[in-house]
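Every number for a ligand or one of its atoms is a count from 1 in the order of the listing.
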Amino acid sequence: MTASAPITQDVLTIPRKLPEGGKTNLVGLTRDQMRAALIAAGTPEKQAKMRVNQIWQWVYHWGSRDFAAMTNLAKDYRALLAENFVIEVPEMVSKQVSADGTRKYLVRIAGGHEVEVVYIPEEDRGTLCISSQVGCTLTCSFCHTGTQKLVRNLTAAEIVGQVMMARDDLGEWPEPGQGTGENGPRLLSNIVLMGMGEPLYNFDNVRDAMKIVMDGEGIALSRRRITLSTSGVVPEIAKTAEEIGCLLAISFHATTDEVRDKLVPINKRWNIETLLAELREYPRLSNSERITFEYVMLKDVNDTDADARRLVKLIQGIPAKINLIPFNEWPGAPYKRSDWSRIEKFADIIYKAGYASPIRTPRGEDIMAACGQLKSATERARKSRAQIEAEAGLTPEA
Ligand code: SAH
Ligand code: SF4
């Protein structure tokens, strides 16, 4: 029996080759990987770069899934592609639409696993919340995903595939001959890596997927429209700045190590001081503006005036925005949402200290689409409440 919460990134990986017919999925390959794959399939080396450019545009700009439609490629080359490759995105198994317009998709990936993807329309933007893992190896005691036992890393194809699937559903690929789709507002304008999983424990696949999404010849989302949320995997933070360059959000949630150890157990490995030291470097390394500090409001756990004051003191000097998240309750959760008046008081202290302190309005509550509630239906091997509390180091009386 292991007593303490596992802080591990041991997860299953699956090979890139699809079992069926041994064809390679072109989705999720970086430009270099695609070039190598095309050469291996018989494309002359001299032509490979140009072929990548052409195929890239079809797949990521026009949203094409069919080699036969790639009319600027010779017929026999299209046949060669079809023999060796597929263009495959995860399958949408269900879609729920909330009264407020939020869409929650259940998506099936290889191995019969399922992950959730949420689309949140707002006045000035449309945000897609995507997942990076099935479940999560970390065990934050307030998070539903953290109670899911089975975990595997998503491939780059499965991460980009979530974005492509959402664009399919929103009907957002440009029509051939009708301009580039860059004019006018986008339905899917922002991405947050705030679904299931710890993105920095699947760094390479997340990086490759975001590079594909940011590529100017394809989906072309700016790095400033992508926010990666991490529980605080300190050694990967500088790499995120250097290799992805997106905006960063931190699941901060507590102002003392004692409380954060219980809420976000990775704090036992990298504590508040270590985390903050690393965060101070992020804006310079990534040439980006503010870091978002996410703070889940848990009744009588982390929501006092003293917490609010400690919070602003701790982050002093870091360009920051504090995002207060009213706790989204789930069946068996060992916490309650702070009262609304408490959340407002907390927000007020932060605001008066000079920080933006938006309270995240719960969206899609009627379809359980809110942060931290995502958990695939097929993997409901839920830990017991007692087990969650034990792993969080909460005593039964707490
Ligand atoms: N693993 C990453 C990203 C996914 S979680 C991370 O932890 O940052 C996205 C955000 O939702 C995190 O800030 C997480 O702490 C928060 N969250 C998790 N469960 C929640 C819940 N039940 N209510 C409100 N926020 C929650
Ligand atoms: Fe994993 Fe994030 Fe949930 Fe913690 S909050 S268990 S890191 S998904």
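The closest donor-acceptor contact from the side chain of Arg224 to the backbone of Cys246 lies at 3.5 Å or more, if one exists at all. For Tyr295 (side chain) and Asn302 (main-chain N/O), a donor-acceptor pair under 3.5 Å exists by modelled atom type. Judged by distance alone, the side chain of Gln162 and the main-chain N or O of Ser131 form a donor-acceptor pair under 3.5 Å. Ser229 places no side-chain N or O within donor-acceptor distance of the main-chain N or O of Leu193, the cut-off being under 3.5 Å. Checking side-chain atoms of Asn271 against main-chain N and O of Thr274 turns up a donor-acceptor pair under 3.5 Å. Side chain of Glu294 to backbone of His253: no donor-acceptor contact under 3.5 angstrom is found.
Taking CG of Leu38 as the reference point, atom CD of Glu45 lies at 11.5 Å (rounded to 0.5 Å). We find the CZ-CG distance between Arg223 and Leu228 to be 13.5 Å, quoted to the nearest 0.5 Å. To the nearest 0.5 angstrom, Ile315 atom CD1 is 7.5 Å from Ile350 atom CD1.
Between Met194 and ligand 1, no N or O atom pair is found at a separation short of 3.5 Å. Considering backbone and side-chain N/O of His144, none are found under 3.5 Å from N/O of ligand 1. Taking any N or O of Asn328, backbone or side chain, at least one lies under 3.5 Å from an N or O belonging to ligand 1. Taking distance alone, with nitrogen or oxygen atoms compared against 3.5 Å, Val296 stays at or beyond that limit from ligand 1.
Using a 4.0 Å cut-off to heavy atoms of Trp330, the atoms of ligand 1 that qualify are 22 (N). Atoms of ligand 1 found under 4.0 Å from any heavy atom of Thr230 (numbered from 1 in listed order, with element): 6 (C), 8 (O). Every atom of ligand 1 with a heavy atom of Cys143 under 4.0 Å away is listed here by number and element: 18 (C), 19 (N). Every atom of ligand 1 is numbered from 1 in the order shown, and the set under 4.0 Å from a heavy atom of Ser231 is 6 (C), 7 (O), 8 (O). Applying the 4.0 Å criterion to heavy atoms of Gly197 picks out, from ligand 1, the atoms 1 (N), 2 (C), 3 (C), 4 (C). Of all atoms in ligand 1, numbered sequentially from 1 with element shown, those under 4.0 Å from a heavy atom of Ile325 are 24 (C), 25 (N).
For atom 4 (Fe) of ligand 2, the nearby protein N/O/S atoms, meaning those under 2.8 Å, are Cys140 SG.
Asp100 and Ser98 form a side-chain donor-acceptor contact under 3.5 Å, judged by distance and modelled atom types alone.
Residue Ala333 places no heavy atom under 4.0 Å from ligand 1. The closest approach between any non-hydrogen atom of Ala249 and ligand 1 is not below 4.0 Å. Residue contact check for ligand 1: His253 places a non-hydrogen atom closer than 4.0 Å to it.
Looking from atom 2 (Fe) of ligand 2 to the surrounding protein, the closest heavy atom is Gly197 O, 4.5 Å.
By the salt bridge (charged side-chain N to carboxylate O under 4.0 Å, His left out) test, Lys95 pairs with Asp169, sequence neighbours left out. Judged as a side chain to side chain contact (heavy atoms under 4.5 Å, CB included), and not counting sequence neighbours, the contacts of Ala353 are Val312, Tyr355.
Among residue pairs with one or both ends in residues 238-249, those qualifying as side-chain hydrogen bond (donor to acceptor under 3.5 Å, both in side chains) are Arg207-Glu243, Glu236-Lys239; sequence neighbours excluded.
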